[in-house]
Amino acid sequence: MSTPPSSAETAVPAGAPHTPDLAKVRAAVRGGTLAYFVDQFDIYLPIVVLAPATAYFQAANLSASTTALLASLVFASTLIGRPLGAVIFGHFADTVGRKRTTLVAVGGFGVTTLLTACMPGHEQIGMWSVGLLIALRFVDGIFLGGEYTTAVPLAMEWSPKHKRGLYASVITSTSPAAYAVIAALTLLMLELLPATGLHSAYVQWGWRVPFAVGGLLAVVLFRYYLKQVHEPPVQLTGEKHKLPLVRLLVKYPRALGQVFVLMTGTWLATNVEAAVTPAQLKAHLMLSSKEVTLTMLVINASAAISYPLFGLLSQRIGRRPFYIGYGLAVVVVGSGAYTLLMVSHGGFGAALGFGVVIGVFTVGTFGPIAAYLTERFPASIRSTGYGVGYSLALIAPAFYQFYLQRFDGVLPAHLAPAVLLVVAGALISLGGFLGPETKDVDMADDRTIPALS
């Protein structure tokens, strides 16, 4: 028996001008903000929380390079799973509905996060421990890829045109904010439960607490979407197609290719900031685990504050000029600040100072990204286009550790990441240059989008 359409779907005929219901707009934006925070909290958990507990999952006699490689694979497996999740959940978001698909995705990553909190270690099951961790993170990545593929377009479709840049940046600012919260939580755990060896309290069970918190956040998010968030009106979600992925690939390959270039640069810069920088703070600058965590907290708090400013800037000057200019800033300012930090040997104080600049000028691409990618694709395939465009580009940057190893014997290990930042900034500028201006797109009118593709 078919479900009767909601009042939001029947209030305005398809094709008619859309007057947003302010209460539903606020609920959708709050939901998108909470969803993005929980998503990013889950993604960054292994980078920050498991760093002091590596000995729990790996044999003590592994070389430093093997240990670093396995740690990077734990993070990379989540990133690799996300494009698959985007394809699967994007299909159902465009054919079944944004809200129902979001609920399934949130339930899925909530369960996998709680399962991770119950993991046995190397002493119990040997190398199966790190293998199981990588597998769970891959499954987690599938559900996470589905969550933002559905929740973000839903929020943007409810948002009025003149506020999309601001609302998008508020949503995405929760990514570095989530990293900062994890860093603060980890600092607290390390203060209470020092990681002094394999059998210390933090290594054995302290790291499980943030994962349990992540699972509980998923429960809160699930309940919020179930009770508060509504499906967008039908004139904003468009005519449904049986195979939205095929339609995306056949009819909009240029748009997808351009977004792929932009997002490849974005994810490469993100991985250098989020995963490589803390490793070099410890290995090259010899900062303690607490100092590294606090520095990363400052870096990501700075980024979170800058996102709304970048969102407003893109709303004023346009998305295209913003991305062209920001990519150049990553090349010059972002990579320059990272290089100066690594050669300064200024210790913890220098790390905090340069950290602010690194935070603002490496990952700020995400400020208006939720608005730009949803504006870039027509209503009928918007979730698929957003999810695939956002996630497909994750794969190549996920292997950042392999690229850095190619510089062995050419550049010192602590300077090679600056080269990756230069490449990332160039790709962001190129991606912005290849694309159209979208800030004035009417997302309820499919006719405005093909002309931009």
Side-chain angles (χ1 to χ4, degrees), residues 14-15 18 82-98 101 145-146 148-157 159 161 164-165 168 232 234-267 314 318-320 322-324 327 365-366 368-397 427-453:
H18 170 56
R82 290 168 75 178
L84 180 57
V87 171
I88 295 170
F89 287 92
H91 170 86
F92 288 107
D94 284 328
T95 57
V96 175
R98 316 279 198 239
T101 309
Y148 59 68
T149 294
T150 56
V152 172
L154 189 157
M156 290 295 96
E157 286 168 339
S159 302
K161 181 192 303 184
R164 283 200 299 254
V234 292
Q235 71 267 29
L236 292 180
T237 55
E239 176 189 355
K240 298 188 186 304
H241 295 274
K242 292 182 178 180
L243 298 172
L245 178 62
V246 173
R247 183 175 175 84
L248 171 67
L249 296 175
V250 171
K251 196 166 183 181
Y252 302 97
R254 180 182 169 190
L256 183 60
Q258 176 256 320
V259 167
F260 178 82
V261 172
L262 174 68
M263 291 307 302
T264 297
T266 300
W267 287 118
S314 77
R319 318 281 190 235
R320 186 171 185 264
F322 170 77
Y323 282 120
I324 293 172
T365 315
F366 282 103
I369 203 71
Y372 183 65
L373 295 193
T374 49
E375 292 162 350
R376 194 67 181 92
F377 298 100
S380 58
I381 60 166
R382 183 165 291 133
S383 278
T384 301
Y386 173 88
V388 173
Y390 186 91
S391 300
L392 188 63
L394 278 161
I395 298 175
L427 289 172
I428 292 168
S429 285
L430 177 61
F433 175 77
L434 293 174
E437 182 52 59
T438 64
K439 74 182 180 73
D440 293 321
V441 160
D442 180 0
M443 296 214 291
D445 186 359
D446 271 19
R447 294 172 299 175
T448 65
I449 309 291
L452 301 177
S453 300

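- With ring centers used as reference points, F322 lies 6.0 Å or more from Y372.
- If you take CD on E375 and NZ on K161, they are separated by 9.5 Å, rounding to the nearest 0.5 Å.
- Within the 3.5 Å criterion, the main-chain N or O of S383 finds no donor-acceptor partner in the side chain of T149.
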Requested in this report: Check the pair L154 / T150 against side-chain contact (heavy atoms from CB on, under 4.5 Å), numbers first and verdict last.
Outcome: CA-CA 6 Å; L154 189 157; T150 56; over 6 Å; no
Between side-chain atoms of residues 385-397 and protein atoms elsewhere (two or more places apart, or another chain), which donor-acceptor pairs fall under 3.5 Å?
from : atom 1 : to   : atom 2 : distance (Å)
Y390 : OH     : Y36  : OH     : 2.4
S391 : OG     : Y148 : OH     : 2.3
S391 : OG     : G387 : O      : 3.0

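- Atom CZ of residue R98 and atom CE of residue M156 lie 12.5 Å apart, to the nearest 0.5 angstrom.
- Put simply, CG on L434 and CD1 on I324 are 9.0 Å apart, with the number rounded to the nearest 0.5 Å.
- F377 places none of its side-chain heavy atoms less than 4.5 Å from the side chain of P153.
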Query - From CA spacing to verdict: side-chain contact (heavy atoms from CB on, under 4.5 Å), L373, M263 - result: CA-CA 10 Å; L373 295 193; M263 291 307 302; 4.1 Å; yes
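- Contact record, D440 with R164: C-NH2, 4.4 Å, taken as the closest heavy-atom pair.
- When all heavy atoms of R320 and G435 are compared, the closest pair comes out as NE-O, 2.8 Å.
- The distance from atom CG of L427 to atom CG of L262, rounded to the nearest 0.5 Å, is 9.0 Å.
- With sequence neighbours excluded, the residues that form a side-chain hydrogen bond (donor to acceptor under 3.5 Å, both in side chains) with S314 are R319.
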Report task. Using the side-chain contact (heavy atoms from CB on, under 4.5 Å) rule, take V87 and T384 through it: C-alpha gap first, then chi angles, then the decisive distance, then the call. Result -> CA-CA 6 Å; V87 171; T384 301; over 6 Å; no
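- Going from atom OG1 of T101 over to atom CZ of F92 covers 7.5 Å, rounded to the nearest 0.5 Å.
- Contact detail for I381 and R247: the closest heavy-atom pair is CG2-CD, 3.7 Å.
- The line from CD of E157 to OG1 of T374 is 7.5 Å long, rounded to the nearest 0.5 Å.
- Remark: F366 pairs with W267 by the ring-ring contact (aromatic ring centres under 6.0 Å, His included) rule, at least two apart or across chains.
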